[in-house]
Number of protein chains: 2
Amino acid sequence: MSLDDATQKPHKRLAALLAGDLDEVNALIRARMASKHAPRIPEVTAHLVEAGGKRLRPLLTLATARMCGYDGPYHVYLAATVEFIHTATLLHDDVVDESKKRRGRPTANLLWDNKSSVLVGDYLFARSFQLMTETGNLRVLRILSDAAATIAEGEVLQLTAAQDLSTTEAIYLQVVRGKTAALFSAATEVGGVIAGRPEEEVKALFDYGDALGIAFQIVDDLLDYWGSDATGKNVGDDFRERKLTLPLIKAFASADDEEKAFWKRVIEKGDQRDGDLEHAIALLNKHGALEATRQEALAWAARAKAAMESLPQSELRDLLIDLNDYVVSRVN
Amino acid sequence: MSLDDATQKPHKRLAALLAGDLDEVNALIRARMASKHAPRIPEVTAHLVEAGGKRLRPLLTLATARMCGYDGPYHVYLAATVEFIHTATLLHDDVVDESKKRRGRPTANLLWDNKSSVLVGDYLFARSFQLMTETGNLRVLRILSDAAATIAEGEVLQLTAAQDLSTTEAIYLQVVRGKTAALFSAATEVGGVIAGRPEEEVKALFDYGDALGIAFQIVDDLLDYWGSDATGKNVGDDFRERKLTLPLIKAFASADDEEKAFWKRVIEKGDQRDGDLEHAIALLNKHGALEATRQEALAWAARAKAAMESLPQSELRDLLIDLNDYVVSRVN
């Protein structure tokens with residue numbers, strides 16, 4: 001590997017190392033997003049799928065299957081399955097959140113309409129189940145249909161927890177497992193399952209994906225209050241959308257009466273004025289909520305690393321460890 | 001069977017004959033619509049599932065499995081699967097159509113919100129895939145995931161064909177297969193597959209469900225212009241929603257220039273005035289479009305009947321033939 005390669009971000013090095021597999025995944029995605037009868041489907045799907053997402057989830061499946069020595073055809077099917085579930089979820093999320101931008105482009109619900117996003121999302125869900133069925137492996141079917149249920153459950157939970165200051169850290173963790181970690185852990189677990197690895201290795205792959213996903217989401221939620229232009233995050237989005245993320249949950253738990261009244265006004269009532277975001281960030285700092293959140297992200301990343309380090313050393317394993325380090329490097 | 005039973009509607013007689021199985025299906029539906037973490041899910045689902053739908057699709061699966069001599073546990077799983085797919089579709093349909101009423105009650109999107117309907121629908125889709133995976137039968141997984149894709153594709157096609165007067169009868173048939181027949185035919189086909197019947201019997205069960213579903217939907221679309229209080233249909237709904245259903249497609253194909261201008265104004269432009277519905281119905285009658293549509297419904301029903309009659313005689317088989325007769329009796 002050249003010096004250039006070594007200094008690239010880990011997901012780019014993974015993509016380079018797995019370029020052949022990834023090409024097959026992309027070809028399969030293009031083939032299966034087609035529709036004989038409804039051209040609207042590939043239009044909407046291509047808008048999102050070809051907007052330059054990082055293909056992080058399919059890369060997790062390809063990398064874990066390959067590091068486990070798998071040399072059959074089905075890791076490509078499973079990687080495409082995982083990307084279709086992810087894409088379907090994004091289409092529905094953007095309807096639910098009334099989002100206007102995704103991956104730097106206008107959302108499908110804005111360019112077409114909510115109806116198209118709902119129905120094309122349903123089509124991609126169905127396509128993902130067709131793809132996973134083609135593997136003929138009942139255990140991966142169980143893992144991925146369980147993940148789909150956990151994702152939807154987490155989204156409903158997030159919806160009902162929004163603007164609710166009584167949201168606990170346990171509920172937050174459940175939401176995070178649903179919105180992010182469930183698909184990460186399914187993506188890594190099926191890599192081991194399809195390769196026929198022993199239970200303790202499959203468990204370690206699950207634990208890696210689960211902890212990586214949780215660390216990933218906590219970092220994302222932290223950067224929403226702590227970000228800068230360099231991190232590419234738009235500071236204050238969660239605050240404006242009145243989402244109960246970990247920093248806010250921690251700060252509210254330590255709040256005095258005056259602070260509680262502030263949080264009720266801006267989050268529960270949604271009455272937000274000039275300077276409120278700055279005051280909110282000051283309160284998060286005053287109670288050490290940002291630092292405590294950062295420590296939790298680091299703790300989950302350490303768990304992911306430990307799980308992966310329990311597996312036999314290989315170039316792909318080390319790249320997956322680097323990927324985990326990279327996820328938390330934004331807050332390190 | 002008493003005289004009372006014999007005069008009941010066929011789906012009620014089916015439900016009575018399969019009462020034990022149907023109780024198990026309902027118990028399974030209640031168990032699986034639960035959510036450990038998100039109480040919103042069973043609330044929304046129960047609102048729809050317990051509103052007194054006819055359970056027509058699960059009855060098709062139970063009846064076909066039993067008439068094929070099946071005595072294992074999985075017809076109950078497949079019947080619940082089919083009902084979950086149907087319920088998820090209804091939740092998303094009501095969002096797409098901005099419906100306010102379903103089964104005589106306010107829709108979930110009205111009582112809660114579109115977000116809940118989208119996400120709870122996703123949850124039920126995922127639950128349906130978990131249920132079908134539990135059968136361990138890869139062929140039923142293929143049939144049902146194919147059906148889910150056909151359903152979503154048909155819905156997208158219907159969306160893009162709405163208000164489009166160039167919609168052909170072939171496109172209409174594809175929409176009908178998606179919105180109705182795909183789940184009917186999957187429901188009857190899996191009954192034969194799970195019972196391990198020979199290919200020609202499975203094919204006949206598929207053909208019955210496919211033709212029954214098409215006849216069912218054509219009758220429904222016909223009654224939208226031809227109904228009365230007795231049929232329980234609200235005449236003119238499709239006209240007001242500018243849907244291209246078979247009567248309208250046939251009338252437009254025979255329209256002269258003045259009539260074409262009328263259809264363009266009311267359907268393409270949506271400029272509808274007092275008396276337009278009456279004028280539309282007069283045009284449908286003038287060109288024999290209602291009678292021609294009725295003949296198509298009867299032809300599909302005859303195909304369904306022939307397919308079912310090719311199978312060995314039994315009480316359940318005869319009830320399924322009666323059910324088919326009943327579907328078209330509303331326009332006979």
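Just so we're clear, the structure is a prediction, and the values are computed from it rather than from any experiment. Each chain gets a letter, A, B and so on, in the order its sequence line appears, and its residues count up from 1.
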Ring centres under 6.0 angstrom apart (B:Phe125, A:Phe125): no

Heavy-atom closest contact (B:Ser116 atom, A:Leu159 atom, distance): OG-CD2, 3.5 Å

Pairwise distance NE2(A:His37) to OG1(B:Thr160) - rounded to 0.5 angstrom: 12.0 Å

A:Glu155, part contacting chain B, at a heavy-atom distance under 4.5 Å: both

A:Asn114 side chain near B:Val95 side chain, heavy-atom distance below 4.5 Å: no

Heavy-atom pair with the smallest gap, counting every atom of B:Leu138 and A:Leu141: CD2-CD1, 3.9 Å

Interface residue of largest heavy-atom contact number with chain A, from B:Arg40, B:Glu134, B:Gln158, B:Lys115, under 4.5 Å: B:Lys115

Check: B:Ser35 and A:Val156 side chains under 4.5 Å, non-hydrogen atoms: no

Check: A:Asp122 and B:Asp122 side chains under 4.5 Å, non-hydrogen atoms: yes

Interatomic spacing from CG in B:Asp93 to CG in A:Leu119 - rounded to 0.5 Å: 7.5 Å

Donor-acceptor pair, side chain of B:Glu153 and main chain of A:Lys36, under 3.5 angstrom: yes

Minimum-distance pair of heavy atoms, taken over all atoms of A:Thr133 and B:Ser145: OG1-OG, 4.0 Å

Nearest atoms (heavy-atom pairs only) where B:Ala126 meets A:Ala149: CB-N, 3.3 Å

Ring geometry between B:Phe129 and A:Phe129 (parallel below 30°, tilted from 30 to 60°, perpendicular above 60°): parallel

